[in-house]
Colleague: 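Dropping a structure here in structure tokens format, bear with me for questions.
Residue numbering restarts at 1 for every chain, and letters A, B, ... go by the order of the sequence lines. Here the structure is a predicted model, which is why all the values come from computation and not from measurement.
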Amino acid sequence: MRAFDYARAQTPADAIGTDARIIAGGTNLLDLMKLQVETPERLIDINHVGLDQVERDGDGLRIGALVRNSDLAAHPAVRQDWPLLSRALLAGASPQLRNRASTGGNLMQRTRCYYFYDLDAPCNKRVPGSGCGAIGGVNRIHAILGASEHCIATYPGDMAVALSALDAVVEVEGPDGRREIPATAFHRLPGDRPDLDNELQPGEMILSVRLPAPLGGRQIYRKVRDRRSYAFALVSVAAAVTMQGGRMDRVRLAFGGVAHKPWRVPAAEQMLAGQAPSAELFDRAAAAVLEGARGQGHNDFKIPLLRRTLAAVLAEAVQESA
Amino acid sequence: MSNPIEVTLTHRMNLPDEENLLDRMAQGVVSTPMDRPEGPLKVSGTATYADEDHPPGTAYGWFVRAAITSGRVTGLNTRELEAMPGVLAVIRDNRMIRNPAQGGDAKSPHQGPSEVFYKGQPIALVVAETFEQARDAALAARPDYKDRSDRAVILPTRTDYEKPRSKQSSQGNLDKAMRNAAFAVDVEYDTPSMSHAAMEPHAAVAWWQDGRLTVRGSYQMLNSNAQELADALGISVKKVRILSRYVGGGFGSKLGIGHEGVGAAIAAQKLDRPVAIALHRRQVFEATHRRSETRQRVRLCCDADGRMTGIGHEAWVSNLPGETFSEPVTQATPFTWAGENREIGHYIGRLNLTGAGSMRAPGEAVGVPITDAAMDELAEAAGIDPVEFRLRNIPEADPSSGKPFSSNRLADCIRIGAERFGWSGRPKVPGSRREGEWLIGFGMSGVIRVNMLGDSTARVTLRPDGTALVETDMTDIGTGSYSVLTQIAAEMLGLPPDRVTTVLGDSDLPPSIGSGGSRGAASSGSSVMLAARAVRGKLAERMGCDEEDLTLKDGTAIAGNRQRDLADVLAGDILQGTGTIKRGAAEAHHRQSSWGAEFCEVAVSSVTGEVHVRRLSGVFAAGRILNAKTARSQCMGGMIFGIGQALHEEVFHDARDGSFMNRDLAEYHVPANLDVPHIDIELLMDDRDPYANPMQAKGIGELALCGTAAAIVNAIANATGHRFRSFPITLDKVLEKLG
Ligand SMILES: Cc1cc2nc3c(=O)[nH]c(=O)nc-3n(C[C@H](O)[C@H](O)[C@H](O)COP(=O)(O)OP(=O)(O)OC[C@H]3O[C@@H](n4cnc5c(N)ncnc54)[C@H](O)[C@@H]3O)c2cc1C
Ligand code: SF4
């Protein structure tokens, strides 16, 4: 860890438009600082600025950036009307980490790519232009969709996958004022700038996340991983499906562990909407999701795994909400 | 206080001991599930581990890692580092070591900081006023290298393995037996490189006083560790003291002196002040030891009745050049199962990879599950129930040497285990039982771990107030040494356990074998027993009776119709017994092993390939059980370790340079709570092994691990109808076969 300056923000304004690095729960940033993967010179601590409430917002909900993952998962309104979010949160990390981890920090968490963590390895995300160690290396946890020749990392989190499926909106503020970024567009693909994880600009801060009106229906978050808890997703499927007269009505699907961002394919959702469920249809939807999918060697299995998991999740969703 | 009256008792284990002395004692504390005396300290955070107590003026060290796989360090930006805030020294000293010592080496490992043998090897030590300053400066190190990584050997080819003659054996004609057999299997399995992943990272705090070195470290075998450290430093062992009062898990990774101990000692000497080094978790993974990956070929054959006629077991393992240790994969193969034709092969590849050392149950942990899984395949081929098949193949005597077994309860364990588990409910046809998407299967395995004794000495002091002090350099690595040694002394001296204090983990105390190879409790326990027996002899004299006729109970001595308080018998004197147990002929003439059987139910997702262990049950025979609670905990720990071995644990080495890629506990997976079902454990409390030692107790620490993975993989085969021969059985491997 490099020596750094530390300041405590009293209000969000103290943290906006500065070149200091925001620290919330610290569960990701501190680990990376100890290893010198991240070397901020200044930290601004936002744990005392408020923004720690979950509030009604019309039919929706506004979640402060500092609401802790465990509080959010346990919130009665979330459990009642957006169970997908609650389930995704509880599938992540451990109780101790969730007690500390914030909504904003969770969105901003960085990849778990082994080479990103290893200062002696090439990594375009850590040191632009140095190369990508994971290509041709150990890449069991890497992306099968939307990767580039510069980076094949995944966004590792769970919460954002649910937010993406739920069409949440991230509310941010920068020196030029406030703006909204749809959760589906918050994270970006690596392209030739893998150092950029998401669309948040320097000087901007996440204030809150807004959930639109509840989708209803059956909501499932299925996280497939190498052990039953305390492991990142190899593949996760977030699904919300409502039924009408034996047909699927509204369908929202998002996938974690497979790309540099939570993966959403509207075409696949549209393919299902208004149709009677069938194994054959699920397969076609999976094929649409997996269009362009490519394995890197160790992670080839994610392609069939996603297909199978999606089919099982859909079968479960239509059955129980029928 | 007066000088102690000293008595010694040394016993060489030449003859069987059927005296069962502990059974004749009156206090009744041995074998009970007594709580750990140090438990309250541990749960309240007041048991200080190696790095939790720093003398005033302590400086902190951090190692610089080699960023190449093979070559030579030719320079370092030392000046620049020395100019960084707080930096006291940048040390590259010829006494620094390449890798930790192997268990029991008692001499320094390979030394020198310049020749690089593996990526991540410590090549320099930065010492600073604070831990953070040391780390910061070490991460700013820019070594110059003569890089020969392109010539490094990361994966051996099939041809360049050493074939040490002493490690090959053959009897009969296996090829012929295979040809003539009614049923045969010839299969290859592999297990990955693994890491001990003990909770407490390796750490040492060193200081010199009047030319004598003290190291508070996290070590398992203090007597040999002191010798290793002295040899590395080139000083007399008398000048070295190692303290390891509490050790937060070792699993073999702390058997030998390590970088932190040698580095801290050198730095403390140079700076003339205490120096503390705690390895970072990432350094623990890459710069201590690992368990070698193994490739194993197993050939088994049997006649039409399922009686085995041949066993072949060949193992390919690896280590750094020059290391004498190689994973003894086939250790249990010579004696466990019947079969007159037998071939054992052991091949060692020399790699530029973090060194391989002993990890929990070296040998059997990876060898037994594989021979056992192959046996399951043979049983299936022969159409015989796996329990019945194993029962048919338990030999009368060691089939390789003809030696009788000291005691063999394998059949009992299998029978009792099958009953407890409900084995009769096993799906008869593989792949036939389903609950929704989940495929259900049962599996079982035999569990085998050789038993050993190690020379050990302990001192027991009975004080005038009728309290006792037990002292030895034995360690407690979370296993329960404090408990069992307290119980043994209390039993022998007729004292409630709270009147016995046990002091361990100081190399100035009488030398024991330490914690390793599951022999610590039985070996150091025997020495405590002998020391206490010597004291009993003195008490008997004072009571005017033979020792056999003396009863000690609740702080009183009873002989005939006389009962006196110990304080009264002692009359102000201190009685001090020193007991020594030595290895002898008993082990040469009889085959000794601990035994068990494990049973498992799994559910395998037909969608994702995930495997859930639903039930795990084990029955174990390890001679006299010294503490029913700590023994059970050891077995439970072993079985959980086995779940990890079967399903989770694997070091990901980058094949291009050998790097440990998943070198933290987020990505190196050991079982989490949810992976562990209820674990059912039965210990055969009536077992006694007269050839083992005067307590008739055998090793239990590693036993339960030696089979678990087979019970699981056999259950997976029963659930899915597919055999999986590459560990760990991760979901991608399952998916591939489920189709
Ligand atoms: C062992 C382990 C296992 C884990 N397993 C999982 C898992 O299974 N699933 C999962 O989803 N996550 C997992 N996590 C990640 C965990 O969810 C994140 O570490 C956590 O959510 C980060 O939140 P934080 O508040 O601690 O962020 P911090 O560490 O404080 O910050 C992380 C980043 O977010 C930025 N930041 C924080 N708040 C704001 C804001 N309001 N505006 C702008 N930027 C901000 C910081 O500058 C920093 O870059 C795991 C973490 C660990 C250590
Ligand atoms: S995948 Fe991305 S994060 Fe990983 S090494 Fe390559 S560039 Fe770095």
Colleague: Please look at A/Phe232 and chain B and tell me whether the side chain, the backbone, both or neither of the residue comes under 4.5 angstrom of a heavy atom of that chain.
Modeller: side chain
Colleague: What residue, out of A/Leu234, A/Thr309, A/Asp226, has the most heavy-atom pairs lying under 4.5 Å from chain B?
Modeller: A/Asp226
Colleague: I'd like to check B/Phe641 versus B/Gln645 (side-chain heavy atoms, cut-off strictly below 4.5 Å). Are they in contact?
Modeller: no
Colleague: Which answer fits B/His280, side chain, backbone, both or neither, if we ask what part of it has an atom under 4.5 Å from a heavy atom of chain A?
Modeller: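 Side chain only.
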Colleague: Indicate yes or no: does A/Arg307 engage A/Asp283 in a salt bridge with an N to O separation below 4.0 Å.
Modeller: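 A salt bridge is absent here (no side-chain N lies under 4.0 Å from a carboxylate O).
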Colleague: Parallel, tilted or perpendicular: which fits the ring planes of B/Trp62 and B/Phe131, with parallel below 30° and perpendicular above 60°?
Modeller: perpendicular
Colleague: Looking at B/Asp190 and B/Arg725, does any basic side-chain N land under 4.0 Å from a carboxylate oxygen?
Modeller: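 No, this pair does not count.
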Colleague: Can you say whether B/Glu736 sits under 4.5 Å from chain A via the side chain, the backbone, both, or neither, judging by heavy atoms?
Modeller: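 Interface part for B/Glu736: neither.
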Colleague: Looking only at heavy atoms and a cut-off of under 4.5 Å, which of A/Tyr115, A/Tyr230, A/Phe301 has the most pairs with chain B?
Modeller: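 That would be A/Tyr115.
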Colleague: What residue in B/Thr730, B/Asn662, B/Leu674 has the most heavy-atom pairs under 4.5 Å with chain A?
Modeller: B/Leu674
Colleague: Measuring only between side-chain heavy atoms, which start at C-beta, is A/Ser70 closer than 4.5 Å to A/Pro95?
Modeller: no
Colleague: Salt-bridged, A/Arg140 to B/Glu650, with N to O below 4.0 Å?
Modeller: no
Colleague: Below 4.5 Å, heavy-atom pairs only: which of A/Lys302, A/His298, A/Arg225 has the largest tally toward chain B?
Modeller: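 Result: the option with the highest number of such pairs is A/Arg225.
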Colleague: So what's closer than 4.5 Å to chain A heavy atoms on B/Val670: side chain, backbone, both or neither?
Modeller: both
Colleague: Top residue by heavy-atom pair count (under 4.5 Å) with chain A, among B/Asp675, B/Asp657, B/Asp654?
Modeller: B/Asp675
Colleague: Whether A/Asp158 and A/Arg87 form a salt bridge (side-chain N of Lys/Arg under 4.0 Å from carboxylate O of Asp/Glu) is what I want to check.
Modeller: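 Looking at A/Asp158 together with A/Arg87, the answer is no, because their closest N to O distance does not fall below 4.0 Å.
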Colleague: Strictly below 4.0 Å, N to O, side chains only: are A/Arg218 and A/Glu316 in salt-bridge contact?
Modeller: yes
Colleague: Is chain A contacted by the side chain of B/Ser606, its backbone, both, or neither, given a heavy-atom distance below 4.5 Å?
Modeller: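 Answer is backbone: N, CA, C or O of B/Ser606 sit under 4.5 Å from chain A.
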Colleague: Would you say B/Arg65 and B/Arg282 make side-chain contact, with heavy atoms under 4.5 Å?
Modeller: no
Colleague: For the interface with chain A, which of B/Glu437, B/Glu132, B/Gln133 has the highest count of heavy-atom pairs at distances below 4.5 Å?
Modeller: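 Of B/Glu437, B/Glu132, B/Gln133, B/Glu437 has the most heavy-atom pairs under 4.5 Å with chain A.
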Colleague: Report the option among B/His653, B/Lys119, B/Arg663 that has the most heavy-atom pairs separated by less than 4.5 Å from atoms of chain A.
Modeller: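 If we count pairs closer than 4.5 Å to chain A, B/Arg663 comes out on top.
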Colleague: So does B/Lys737 have more than 12 non-hydrogen atoms from other groups sitting under 6.0 Å from NZ?
Modeller: yes
Colleague: With a 4.5 angstrom heavy-atom cut-off, which part of B/Ile643 approaches chain A: side chain, backbone, both or neither?
Modeller: neither
Colleague: Is chain A contacted by the side chain of B/Ala67, its backbone, both, or neither, given a heavy-atom distance below 4.5 Å?
Modeller: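 Both parts, heavy atoms under 4.5 Å.
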Colleague: Who wins among A/Gly137, A/Ala93, A/Ala312, A/Ser94 for the most heavy-atom pairs under 4.5 Å with chain B?
Modeller: A/Gly137
Colleague: Regarding B/Asp664 and A/Arg112, does a basic nitrogen lie under 4.0 Å from an acidic carboxylate oxygen?
Modeller: no
Colleague: I'd like to know which of A/Ile141, A/Asp118, A/Asp300 tops the heavy-atom pair count under 4.5 Å against chain B.
Modeller: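 Top option by heavy-atom pairs under 4.5 Å: A/Asp118.
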Colleague: Measure distances from A/Leu119 to the heavy atoms of chain B and classify the residue's part below 4.5 Å as side chain, backbone, both or neither.
Modeller: side chain
